[in-house]
Amino acid sequence: MKSNSEKDTKQTLEELENETEACTRCELHKTRTNVVFGTGPAKADVMMVGEAAGYYEDQAGEPFVGAAGKKLDGLLKKAGLSRENDVYITNILKDRPPENRDPTPEEIEACRPYLEKQIRMIKPKLIVALGRFAAGELLGRSVSVSKEHGSLEDSSYGGWHCRLFISYHPAAALYGADAAMKLEEDFEKLGEVVEKLDEFKTAEQTTL
Ligand code: URA
């Protein structure tokens with residue numbers, strides 16, 4: 001049985017999800033099949049943020065269910081994390097860009113309030129940025145994943161302060177052995193980082 005505060009949080013997240021389902025803030029609403037809002041426990045300590053839905057995610061309305069998702073499932077196990085119990089997974093964009101093209105700055109900006117609110121509701125101790133778009137958006141600067149992957153930073157996004165881990169995107173594993181190896185290394189390191197979660201401080205900025 002869930003406590004009232006857990007229920008309230010869940011309902012609020014559900015309300016936000018309903019809001020995204022009616023969203024027309026950018027052109028992507030015209031081509032989406034489903035909004036891909038996010039999945040996982042509403043109070044997860046670890047939040048993972050990818051780029052945007054692909055074909056299978058758009059069909060299912062859930063993040064990371066295609067080839068990159070299968071890879072992510074294996075990587076999560078490696079880090080000792082359960083997708084069902086430990087991690088909330090979402091993307092920078094809640095809709096699929098046609099032909100899986102890169103998100104545009106306008107689309108990222110249009111979707112930003114949803115990600116900011118999601119993070120403030122979930123209150124993660126650690127955010128894992130999967131790939132350069134997620135890392136760039138969450139850190140507010142351009143990120144070279146090949147140089148910065150595996151590093152732990154301080155993040156302040158949407159008024160929520162916590163730690164942020166930069167990883168290669170799971171899809172990188174589909175493009176070559178070298179990237180696949182670095183990705184495995186990132187998640188091995190993530191497993192070590194996650195063991196220290198209880199030491200991580202978080203803070204909320206109340207005047208936004
Ligand atoms: N790639 C992403 O960045 N997100 C998904 O949900 C699927 C693939």
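Whatever order the structure lists them in is the order used to number ligands and atoms, beginning at 1. As the structure is a computational prediction, the values presented were derived from the model and not from experiment.
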**Q.** Residue pair Glu185 / Tyr168, side-chain donor-acceptor N/O under 3.5 Å
**A.** no

Q: Verify, without hydrogens or angle tests, whether Lys117 (side chain) and Tyr114 (backbone) share a donor-acceptor contact under 3.5 angstrom.
A: no

(Q) Under a 4.0 Å threshold between the charged nitrogen and the carboxylate oxygen, would Asp73 count as salt-bridged to Lys77? (A)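 The answer is no: the pair does not qualify as a salt bridge.
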
Q. Is a salt bridge present between Glu57 and Arg96, judged by a nitrogen-to-oxygen distance below 4.0 Å?
A. no

Q | Interatomic distance, Leu72 atom CG to Ile89 atom CD1 [nearest 0.5 angstrom] | A |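 Taking CG in Leu72 and CD1 in Ile89, the distance rounds to 5.0 Å.
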
**Q.** Test applied, salt bridge (charged side-chain N to carboxylate O under 4.0 Å, His left out); reference residue, Glu107; option that passes from Arg101, Arg112, Arg25
**A.**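 Between Glu107 and the candidates, salt bridge (charged side-chain N to carboxylate O under 4.0 Å, His left out) is satisfied uniquely by Arg101.
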
Q. Name the residues in contact with ligand 1, where contact means a heavy atom under 4.0 Å away: which are they?
A.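 Residue list for ligand 1: Gly50, Glu51, Ala52, Glu57, Pro63, Phe64, Asn91, His169.
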
